[in-house]
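Here the structure is laid out as structure tokens; the discussion comes afterwards.
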Amino acid sequence: MQKVASLRYGVIFKKAFSDPVIFTAFVKAVLGIEIHIDRVETEKTFDTQIGSIKTSFDLFAEDKEQRIVVEIQHVRYPDHYHRFLNYHCVALLEQVINARDYRPSLQVFTIVVLTSGDKHGVDVATIDFDPKDLNGKPLGEIPHKIMFLCPKYVNDSTPVAYRDWLRLIDDSLDGEVDGSDYPDPYLQQVLEKIRAELISPEGRARMFDEYSEE
């Protein structure tokens with residue numbers, strides 16, 4: 001068994017998933033899209049404020065076609081579906097300020113990882129913005145999407161493409177992981193990033209702060 005720092009903590013999640021290689025692989029597994037980035041920003045804010053509440057994104061990256069937001073949350077807030085819908089809309093509206101019309105130049109995808117789960121007890125939930133006809137057929141006009149992932153509820157029906165990613169996140173929560181259960185090279189990179197002995201004193205202090213805040 002390998003001693004790891006739990007991915008329940010934002011500071012640890014950001015340490016692992018701010019690596020562009022890991023971030024890109026995670027996005028491809030979850031969304032099925034290829035992105036081309038050379039950096040991932042943490043605690044991203046926009047220079048132009050949208051609305052009266054300042055929004056900060058845990059992990060943020062964009063290429064020439066897509067803007068990807070990844071959020072990690074362990075505390076069970078009663079408003080988290082509305083909270084992250086607001087974040088997603090900010091990432092959309094920020095683009096329109098200098099646009100010629102209401103169509104943002106970048107597609108926006110938000111992935112929310114709820115490490116403690118929530119009252120619904122489902123592994124995956126999606127908000128799809130594309131309009132649909134009365135038969136449920138999408139019109140293909142609006143690609144933006146929000147995905148809520150709850151590693152606690154992974155099951156045999158969870159899509160294979162990212163099932164092990166969620167299993168690893170959940171497995172890390174008790175501070176021990178059997179690395180042999182995760183042969184995928186990208187997951188091995190995550191395990192290397194969160195090895196307990198590699199956590200800096202600053203990172204460990206932030207973990208303590210997050211625990212106390214919860």
Side-chain angles (χ1 to χ4, degrees), residues 10-11 13-73 75 77-115 118 120 122-150 159 161-162 165-166 186:
V11 64
F13 195 93
K14 293 168 193 171
K15 181 179 189 294
F17 285 81
S18 62
D19 181 308
V21 173
I22 293 174
F23 188 95
T24 300
F26 181 62
V27 167
K28 182 177 181 180
V30 173
L31 297 174
I33 60 176
E34 295 273 4
I35 59 172
H36 305 283
I37 58 173
D38 54 15
R39 67 174 181 145
V40 178
E41 298 180 68
T42 60
E43 303 300 328
K44 165 72 174 181
T45 59
F46 295 119
D47 294 335
T48 302
Q49 186 59 38
I50 306 297
S52 57
I53 301 174
K54 190 173 181 63
T55 302
S56 174
F57 302 100
D58 284 351
L59 295 164
F60 180 96
E62 66 180 33
D63 63 12
K64 293 181 179 180
E65 296 180 353
Q66 289 128 168
R67 173 174 282 181
I68 312 291
V69 174
V70 176
E71 296 284 337
I72 174 73
Q73 178 178 303
V75 179
Y77 291 114
D79 69 345
H80 54 228
Y81 291 103
H82 295 273
R83 176 188 301 248
F84 294 114
L85 174 60
N86 180 76
Y87 285 19
H88 183 86
C89 289
V90 167
L92 280 170
L93 294 175
E94 186 275 337
Q95 300 182 65
V96 178
I97 294 173
N98 297 314
R100 294 178 181 272
D101 58 27
Y102 286 102
R103 291 172 294 184
S105 59
L106 301 175
Q107 303 176 73
V108 178
F109 300 97
T110 299
I111 302 171
V112 182
V113 182
L114 304 169
T115 56
D118 79 343
H120 299 290
V122 297
D123 54 340
V124 183
T126 304
I127 298 176
D128 182 349
F129 287 77
D130 198 25
K132 299 169 180 62
D133 66 18
L134 291 178
N135 295 316
K137 180 181 178 181
L139 302 185
E141 287 289 334
I142 301 178
H144 318 299
K145 180 185 295 186
I146 307 174
M147 291 187 67
F148 296 89
L149 307 178
C150 298
Y162 53 88
W165 285 88
L166 301 189
Y186 294 115

Please name the pair of heavy atoms, one in [X] and one in [Y], separated by the smallest distance, quoted to 0.1 Å.
X      : Y     : value
Ser18  : Val40 : O-CB, 3.4 Å
Leu106 : Lys64 : CD2-O, 3.3 Å
Ile37  : Glu62 : CG2-O, 3.7 Å
Ala16  : Ile22 : O-CD1, 3.4 Å

Check against ring-ring contact (aromatic ring centres under 6.0 Å, His included), Tyr87 and Phe84: CA-CA 5 Å; Tyr87 285 19; Phe84 294 114; 5.3 Å; yes
Within 6.0 Å of OH in Tyr186, more than 12 heavy atoms from elsewhere: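 Result for OH/Tyr186: open.
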Thr42 and Leu59: CA distance, side-chain angles, deciding distance, side-chain contact (heavy atoms from CB on, under 4.5 Å) verdict: CA-CA 5 Å; Thr42 60; Leu59 295 164; 3.6 Å; yes
Test of understanding: with salt bridge (charged side-chain N to carboxylate O under 4.0 Å, His left out), list the residues that count as partners of [X], not counting sequence neighbours.
X      : answer
Asp101 : Arg103
Asp58  : Lys14
Arg100 : none
Asp63  : none

Do [X] and [Y] come close enough that some side-chain heavy atom pair is under 4.5 Å?
X      : Y      : value
Thr115 : Phe13  : no
Phe17  : Ile72  : no
Val108 : Gln95  : yes
Cys150 : Val122 : no
Leu31  : Ile68  : yes

Stepwise side-chain contact (heavy atoms from CB on, under 4.5 Å) check, Phe109 with Val27: CA-CA 9 Å; Phe109 300 97; Val27 167; over 6 Å; no
Partner residues of Lys44 under the side-chain contact (heavy atoms from CB on, under 4.5 Å) criterion, sequence neighbours left out: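 Applying side-chain contact (heavy atoms from CB on, under 4.5 Å) to Lys44 gives Glu41, Phe46, Phe57, Phe60.
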Set of residues satisfying side-chain contact (heavy atoms from CB on, under 4.5 Å) with respect to Lys132, sequence neighbours excluded: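 With sequence neighbours excluded, Lys132 shows a side-chain contact (heavy atoms from CB on, under 4.5 Å) to Asp128, Asp130, Pro138, given in chain and number order.
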State which residues pass side-chain hydrogen bond (donor to acceptor under 3.5 Å, both in side chains) with [X]; sequence neighbours excluded, sorted by chain then number.
X     : result
Ser56 : Glu43
Asp47 : none
Asp19 : Lys193
Tyr81 : Asp118

All pairs passing salt bridge (Lys or Arg N to Asp or Glu O under 4.0 Å) where residues 138-149 contributes a residue, at least two apart: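 Salt bridge (Lys or Arg N to Asp or Glu O under 4.0 Å) check on residues 138-149 returns no pairs.
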Qualifying salt bridge (Lys or Arg N to Asp or Glu O under 4.0 Å) pairs with a residue from residues 83-95, counting only residues at least two apart or across chains: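 Matches after skipping sequence neighbours: Arg67-Glu94, Asp79-Arg83.
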Side-chain donor or acceptor of Asn135 paired with backbone N/O of Lys137 under 3.5 Å: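 Side chain of Asn135 to backbone of Lys137: no pair is present.
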Distance in Å, Leu85 CG paired with Ile146 CD1, rounded so as to fall on 0.5 Å steps: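 It comes to 5.0 Å.
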Ring geometry between His80 and Phe148 (parallel below 30°, tilted from 30 to 60°, perpendicular above 60°):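 Because their plane-to-plane angle lies in the 30° to 60° range, the rings of Phe148 and His80 count as tilted.
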Parallel, tilted or perpendicular: rings of Trp165 and Phe26 (30°, 60°):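 Plane angle between 30° and 60°, so tilted.
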